[in-house]
Amino acid sequence: MRSLVQTNAFIDGHWIPTDKRFVVTNPATGETLAEVADGDAAMAERAVEAAHKALSHWREKTPKQRADLLRRWYQSMLDNKQALGELMSAEQGKPIAEAIGEIEYGASFVDWFAGEAERCYGDILPTVSNDKRSWIIKQPVGVCAAITPWNFPNAMITRKVAPALAAGCTIVVKPPQLTPLSALALAQLASEVGIPDGVINFVPTTQAKEVGEVFTQHPRVKKFTFTGSTSVGKALMEQCAQTMKKVSLELGGNAPFIVFDDADIEVAVRELIACKFRNAGQTCISANRVLVQESVHDAFVEELEKSLATIKVAPGDADEVDYGPLINKDAIDKVEELLKDAQQHGAKLVTGGKVLTELGELFYAPTLLTEVTQAMRIAQEEIFGPVIAVQTFTDEAQGISRANDTPFGLAGYFCAQDYTRIQRVSEQLECGMLGINAGAISHAYNAFGGVKESGIGREGSRYGLAEYQETKNITLGGFA
Ligand code: SIN
């Protein structure tokens, strides 16, 4: 199998080395995987200039020409999914099968937006007066800049880059410091399939603030997109205001997972496990607060405990792994801090609650906590780890109000059977994405994004393209 390891920045179609390098490690073993070029603000400016230079040729290509190149990139990702998956698993820690699943998921955005490039329509507007005609065209925003996270090192890039390219924009990307290798491998494949120089540029760096400031403040950048925490998103949005950039932000979540008294308990447990343990719980749309109606609490917890006992934690390259290590020591510390706080305030540890030291220092046991209350930190903050924190509620109204009692509104989930309840609750929950009797809700066809402090804009779906387009209204006069 070919190696897709690249360790330099990718600008204007060239691999650019730097003297200063940073180390990328395997979280399962602590081994060094590579030393990667450490870009700085000057390199970020160079990348923006390259994207600007490439813009006019790229936007002049027909949608079909852009779509054809995107499809070649998509196919190349699938052809190389084993190598890409192994690389991702090594630097990020998720099981290889799950990493290959992410490659397919990431590639699906490229395929989807290739199609959307060809289905990009304007509008003919109603005639205002007989001597005039008006219509709307969609145009590329221009140079875009993206900052992407480490938890989905492939899909969070393609979900931004593919719609940008489909719309006719060029882009500069700062991949995460913890997982730059998956990003640089994508650059290599893009270049091999003929995506022109300068259309996609990658600046790996440890200097997130300096590079981020170039992305958010450079006058040539017209659109900025970020996936990460709400606090960083707010600061970046403020920086973008100076040049009035178009922004889309996928920020933190605090997803409720509600189990009502009419839920099918087996389905609820299965879907919660699928949702919670994806990527070891290091997922923005992971269930963070499990709210269970009092009358079904004991039955639900009993089933859940049985299922947790079957979960296999191991390095990502082992067989049949459910999840691997957390990303680093900070992630472990955060989980332990939240658990400690919850237990100090009366929560009960049913199972787990420890590092699996026999595997290594970053492996955390599947953990179940009950008697959690809304006031505890674990119910207020993103856990980002394999911990299920169960609270109870008395009736539907209380369940909904507890679920909405957060400044965040990314994903939400509930399990119920009564169709009138399904209708009522789905209208009242404050979130951008909702899973009903379903814990896996991500797909390129779906609109990913949040309400409240969880962000602005949507990714994927037909709405994802609009984030990279301007709407121009044209009026033609002079009709007799
Ligand atoms: C995320 O955690 O930000 C992305 C998860 C997804 O796309 O499903």
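Ligands are counted one by one from 1 in listed order, and the atoms in each one are counted from 1 as well. Here the structure is a predicted model, which means the values were calculated and not measured. The figures that follow rest on heavy atoms only: side chains count, while hydrogens, waters and symmetry mates do not.
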For atom NZ of K312, decide whether the heavy atoms of other residues, nucleotides or ligands shown that lie under 6.0 angstrom number more than 12.
yes
Can the positive tip of [X] be found less than 6.0 Å from the middle of the six-membered ring of [Y], inside 45° of the ring normal?
X	Y	value
R458	F448	no
K174	F215	no
R119	W112	yes

Going by the order shown, which atoms of ligand 1 are within less than 4.0 Å of some heavy atom of [X]?
X	answer
C284	1 (C), 2 (O), 3 (O)
R278	5 (C), 6 (C), 8 (O)
Y105	6 (C), 7 (O), 8 (O)
I285	8 (O)

Do the ring centers of F260 and F393 come within less than 6.0 Å of each other?
yes
For the residue pair F202 and F10, is the inter-centroid distance of their aromatic rings smaller than 6.0 Å?
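No - the distance between ring centres of F202 and F10 does not fall below the 6.0 Å cut-off.
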Could a heavy atom of Q282 be found less than 4.0 Å from some atom of ligand 1?
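No, Q282 has no heavy atoms under 4.0 Å from ligand 1.
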Tell me the contacting part of I441 for ligand 1: side chain, backbone, both, or neither, using a 4.0 Å heavy-atom threshold, strictly below.
neither
Any idea which part of M156 is under 4.0 Å from ligand 1, heavy-atom wise: side chain, backbone, both or neither?
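It is the side chain that touches ligand 1; the backbone stays farther off.
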Within-cut-off N or O pair, S442 and ligand 1, under 3.5 Å:
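Yes; the residue has a nitrogen or oxygen that sits under 3.5 Å from a nitrogen or oxygen of the ligand.
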Please determine if T283 has a nitrogen or oxygen closer than 3.5 Å to a nitrogen or oxygen of ligand 1.
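Looking only at distances, the answer is no, because the N/O contact criterion of under 3.5 Å is not met.
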N279 and Q92: side chain donor to acceptor below 3.5 Å
yes
